[in-house]
Amino acid sequence: RFRNVTGVQTCALPIYQFSPCYGSFYDTTTQTVAIDGIAAFTFNSTDIPATNGVSIVNNSQITVAKSGVFNIQFSAQLQRNQGGQLKQISIWLRKNGIDVSNSNTDISLQANTTYTVAAWNFFLQLEAQEHCQIMWSQNDAIEIVYVRSEEHTSELQSRFGISYAV
């Protein structure tokens, strides 16, 4: 809107406040899924100071309060607790209950006590109140592991099974 004040033309622009949505979540349990079963990664903890406008609904649905393009990042510490041949775990993204095309990645794990960290990110358009989930399936005794060893003396030395950030 333009105004004329003693011969000088001015413009009053609206002020927009930028309030981003972000979230940090993690899980402190060991997660399993039946062989050839499908499950969502679940989260039992929220880093409250690092979260605004993103929430976890039903322990697995990453839900946003505002529309936008979101950078979905995760890491999952995997362990195969049986030996033998290579076995696979598949991890992919699901949006509003529908698998997202071209989002699946397979990881092969070898024998007992081998730890592997799966960590990557997805860019995903979400409208307000929509949700996504990180899904997984495996064909052997593979777990997502939370490690809290008795020899560790602080939480800094613990290793979350899954961490997630938006």
Checklist entry - Which class fits the ring pair W120 and F74: parallel under 30°, tilted 30 to 60°, perpendicular over 60°? => result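 Ring orientation, 0 to 90° scale: perpendicular.
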
Of all the heavy-atom pairs spanning [X] and [Y], show the shortest one and how long it is.
{"X": "M135", "Y": "I38", "value": "CE-CG2, 3.8 Å"}
{"X": "K95", "Y": "L126", "value": "CE-CD2, 3.8 Å"}
{"X": "A128", "Y": "S67", "value": "N-OG, 3.0 Å"}
{"X": "C21", "Y": "G53", "value": "SG-O, 3.8 Å"}

Any side-chain to backbone donor/acceptor pair from [X] onto [Y]? Under 3.5 Å, distance only.
{"X": "K66", "Y": "V54", "answer": "no"}
{"X": "T63", "Y": "H131", "answer": "no"}
{"X": "S60", "Y": "F41", "answer": "no"}

Rounded at 0.5 Å granularity, tell me how far [atom1] in [X] sits from [atom2] in [Y].
{"X": "I91", "Y": "I107", "atom1": "CD1", "atom2": "CD1", "value": "4.5 Å"}
{"X": "Q133", "Y": "W92", "atom1": "CD", "atom2": "CH2", "value": "10.5 Å"}
{"X": "E130", "Y": "N96", "atom1": "CD", "atom2": "CG", "value": "4.0 Å"}
{"X": "N59", "Y": "F25", "atom1": "CG", "atom2": "CZ", "value": "12.0 Å"}
{"X": "C132", "Y": "L93", "atom1": "SG", "atom2": "CG", "value": "5.0 Å"}
{"X": "S103", "Y": "I134", "atom1": "OG", "atom2": "CD1", "value": "10.0 Å"}

Item to check | Flag side-chain contact, heavy atom, 4.5 Å: T51 against P49 | outcome: no

Item to check | Working for side-chain contact (heavy atoms from CB on, under 4.5 Å), residues V57 and S55 | outcome: CA-CA 6 Å; V57 176; S55 60; 4.1 Å; yes

Distance alone, cut at 3.5 Å: any donor-acceptor contact between the side chains of [X] and [Y]?
{"X": "D27", "Y": "T29", "answer": "yes"}
{"X": "Q88", "Y": "D106", "answer": "no"}
{"X": "Q31", "Y": "T42", "answer": "yes"}
{"X": "T28", "Y": "N44", "answer": "yes"}

Checklist outcome for this item: Under a side-chain separation threshold of 4.5 Å, the hydrophobic residues clustered together with V69 are F123

Checklist entry - Which other residues belong to the hydrophobic cluster containing I98, where Ile, Leu, Val, Met, Phe, Trp and Tyr are joined when side-chain heavy atoms lie under 4.5 Å apart, directly or via other members? => result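 I98 clusters with nothing; isolated.
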
Checklist entry - Is there a path from L78 to V33 through hydrophobic residues (I, L, V, M, F, W, Y) whose side chains come within less than 4.5 Å of each other? => result yes

Item to check | F43/Y26 aromatic ring centres below 6.0 Å | outcome: no

Next on the checklist: With side-chain contact (heavy atoms from CB on, under 4.5 Å) as the criterion, how do R94 and D99 come out once you've worked through the C-alpha distance, each side chain's angles and the decisive distance to 0.1 Å?
Outcome noted: CA-CA 4 Å; R94 184 174 280 177; D99 294 337; 2.7 Å; yes

